[in-house]
Amino acid sequence: MSEKVRLATVWLDGCSGCHMSFLDMDERLFELADRVELVYSPIVDTKEFPRGVDVTLVEGAVSSAEDERRIYLIRERTKILVSFGDCAVTANVPSMRNPFGLDAVLQRAYIDNASLQAQVPRGEVPPLRPRALPVHNFVEVDVFMPGCPPSADIIHFALCELLDGRMPDFGARVRFG
Ligand code: SF4
């Protein structure tokens, strides 16, 4: 590819650990910067998800109405969408609330555990969905990147494969190093 690849990273319902692992690529980020343009990410200042993105890494499960709105928009504007880490792939940690039901979770978080002004927020924050679900429950996913978080080596491997025009095979990576 002669032109730089337009890369985005997105943070839905995750702990940001996957993004921390992205930053753990350390000096390899300089090599990547020669080949990609980071057009949207929690670590850059762009406010609106742009059109014409080549690759998007999505961290986190879809847990709120706002996550759901964003993932449809991101899919529409992205060529290769990567479920980035176990929360995106399986809903992982965010899904731990699912067995209890939404009312019980809100009661516990905002009423039982509140020391001041106990009340469930209404309107100020995006409403939670009844269950936290993986990204592929909503949109087509092209690459599933495992790990909690994926290691910097795995992220680097995946990005290099995509930049070279190949779909990353994590099974091969695990078997053959
Ligand atoms: Fe955090 Fe692990 Fe989820 Fe990544 S996969 S957002 S590190 S809990």
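Counting starts at 1 for both ligands and their atoms, following the listed order.
- Ring geometry, H19 versus W11: the interplanar angle falls from 30° to 60°, so the pair is classed tilted.
- Judged by the shortest distance from any of its heavy atoms, G147 lies inside the 4.0 Å radius around the atoms of ligand 1.
- D153 has a carboxylate O that lies under 4.0 Å from a charged side-chain N of R28, or vice versa, which qualifies the two as a salt bridge.
- Contact annotation: the side chain of L159 approaches that of L32 to within less than 4.5 Å [non-hydrogen atoms, C-beta and beyond].
- Within the 4.5 Å cutoff, the side chain of L162 has heavy atoms near those of the P168 side chain.
- At a cut-off of 2.8 Å, measuring from atom 3 (Fe) of ligand 1, the protein N, O or S atoms that fall short of it are C87 SG, waters left aside.
- Under a 3.5 Å cut-off, the side chain of R97 and the backbone N or O of P130 do form a donor-acceptor pair.
- The list of salt bridge (Lys or Arg N to Asp or Glu O under 4.0 Å) pairs with a residue in residues 121-134, not counting sequence neighbours, reads E68-R129.
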